[in-house]
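The block underneath contains the structure these notes are about, expressed in structure tokens.
These values consider heavy atoms only, across backbone and side chains, with no hydrogens, waters or symmetry-generated copies.
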Amino acid sequence: LGGSQGRVFSPLILGFVQNVDTFMRAADVVVMKAGPGSIGEAMVLGVPCLLTSFVPGQEEGNISFVVDNGAGGFVSDKDPDEVANTVCDWLRDPEL
């Protein structure tokens, strides 16, 4: 996103934090694997989820749950350009 205005995206990687709800409240979208706890937290806060991976069998059904209920989407982490494009599209969408 930042290239058009001369800004450079510099993520801050924190690892595990106790206050993930604080970060989710500040987020416009959350990119994550299809873990049920994280999905639940994002849904409670009304933050759209872009799911990028899942544990086969165990988390697969979470993807259709999120997509079918309008809580987000799925793009494989094997396609990082499409993940980035989807995030950009979502951030440009005033309905989200």
Problem - Listed partners of Asp79 passing salt bridge (Lys or Arg N to Asp or Glu O under 4.0 Å), at least two apart - result: none
Tabulate below the donor-acceptor pairs under 3.5 Å that side-chain atoms of residues 62-70 make, not counting sequence neighbours, or state none.
{"from": "Asn62", "atom 1": "ND2", "to": "Ala34", "atom 2": "O", "distance (Å)": "2.8"}
{"from": "Ser64", "atom 1": "OG", "to": "Gly61", "atom 2": "O", "distance (Å)": "3.1"}
{"from": "Asn69", "atom 1": "ND2", "to": "Phe65", "atom 2": "O", "distance (Å)": "2.7"}

Exercise for the section: Under the salt bridge (Lys or Arg N to Asp or Glu O under 4.0 Å) rule, collect the residues that match up with Glu59, sequence neighbours excluded. Expected result: Lys33
Problem - Val20-Val30 co-clustered via ILVMFWY side chain contacts under 4.5 Å - result: yes
Practice task
Output the distance between atom CZ (Phe23) and atom CG (Leu45), rounded to the nearest 0.5 Å.
Solution key: 13.5 Å
Handout entry: Shared hydrophobic cluster for Phe54 and Leu50 (ILVMFWY, side-chain gaps under 4.5 Å)
Key = no
Problem - Glu82 CD to Asp77 CG distance, which is reported to the nearest 0.5 Å - result: 13.0 Å
Handout entry: Under 3.5 Å donor-acceptor, Gln58 side chain and Val55 backbone
Key = no
Handout entry: Trp90: which of Asn85, Val31, Val29, Asp28 passes side chain to side chain contact (heavy atoms under 4.5 Å, CB included)
Key = Val29
Handout entry: Side-chain heavy atoms of Met32 within contact of Thr52, under 4.5 Å
Key = no
Handout entry: Side-chain touch Leu12/Leu14, heavy atoms, less than 4.5 angstrom
Key = yes
